[in-house]
Amino acid sequence: MELSSYGGFEQVGPLGRSLSTSDVRIRTEPGDIVLYAGNQISLFYAPNTWAYTKLGHINNKTAEELTELLGNNDVSITITVR
């Protein structure tokens, strides 16, 4: 999945289909993975507040490591569901 840098705090990209949402206004933290608008995946490397459906969290990475990985350019990711 291809993601693009947005707003200096997240990477966002199309999921390719729409999913059911349970959006609530939350303050995201670095490492949060959310569904936005039912059809976009967002990975956060800095905080933000908006209405999202939280899907998961990236563990074992500091905010600084996430910023280094996600904060400079567009990225490609693979999401695996367990």
Side-chain angles (χ1 to χ4, degrees):
M1 172 182 292
E2 300 297 317
L3 303 179
S4 298
S5 183
Y6 180 80
F9 54 84
E10 72 180 308
Q11 288 280 342
V12 63
L15 184 57
R17 60 180 248 176
S18 291
L19 299 176
S20 298
T21 63
S22 58
D23 289 348
V24 294
R25 188 167 181 85
I26 61 172
R27 182 176 191 272
T28 61
E29 297 297 331
D32 282 347
I33 304 167
V34 303
L35 179 64
Y36 172 70
N39 63 1
Q40 302 281 318
I41 293 287
S42 292
L43 302 180
F44 287 87
Y45 54 91
N48 187 43
T49 301
W50 200 260
Y52 301 110
T53 299
K54 189 168 180 180
L55 300 175
H57 186 83
I58 298 169
N59 295 315
N60 302 320
K61 295 286 181 200
T62 66
E64 292 79 18
E65 289 170 323
L66 288 167
T67 298
E68 186 176 320
L69 289 169
L70 302 172
N72 296 317
N73 299 302
D74 297 347
V75 297
S76 295
I77 63 164
T78 301
I79 296 176
T80 303
V81 179
R82 293 184 186 180

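- The number of heavy atoms from other shown groups lying within 6.0 Å of CG (N59) is above 12.
- With hydrogens and angles disregarded, no donor-acceptor distance shorter than 3.5 Å links the side chain of E10 to the backbone of L43.
- V34 and L3 fall into different hydrophobic clusters, where Ile, Leu, Val, Met, Phe, Trp and Tyr residues are linked whenever their side-chain heavy atoms come under 4.5 Å apart, directly or through other members.
- Within 6.0 Å of OH in Y36 there are 12 or fewer heavy atoms belonging to other residues, nucleotides or ligands.
- One hydrophobic cluster, built from ILVMFWY side chains closer than 4.5 Å, holds both I77 and L15.
- Ring to ring, Y52 and F44 are close: their centroids are under 6.0 angstrom apart.
- With a 4.5 Å cut-off on side-chain heavy atoms, D32 and K54 count as touching.
- Annotation for E65: atom CD counts as buried by contact number, over 12 foreign heavy atoms lying within 6.0 Å.
- One side chain, T53 or D23, offers a donor N or O that lies under 3.5 Å from an acceptor on the other.
- Atoms OH and CD1, on Y45 and I58 in that order, are 12.5 Å from each other to the nearest 0.5 Å.
- Side-chain atoms of S76 and M1, non-hydrogen and from C-beta on, never get closer than 4.5 Å to each other.
- Looking at I79, L19, V12 one by one, the single match for side-chain contact (heavy atoms from CB on, under 4.5 Å) with I41 turns out to be I79.
- Between the side chain of T28 and the backbone N or O of N48, at least one donor-acceptor pair lies under 3.5 Å.
- Here the CD-CG distance, from Q11 to L69, works out to 10.0 Å after rounding to the nearest 0.5 Å.
- Across every non-hydrogen atom of P14 and Q40, the tightest pair is N-OE1, 3.6 Å.
- Under the 4.5 Å side-chain heavy-atom criterion for grouping Ile, Leu, Val, Met, Phe, Trp and Tyr, L70 is not connected to Y6 through any hydrophobic cluster.
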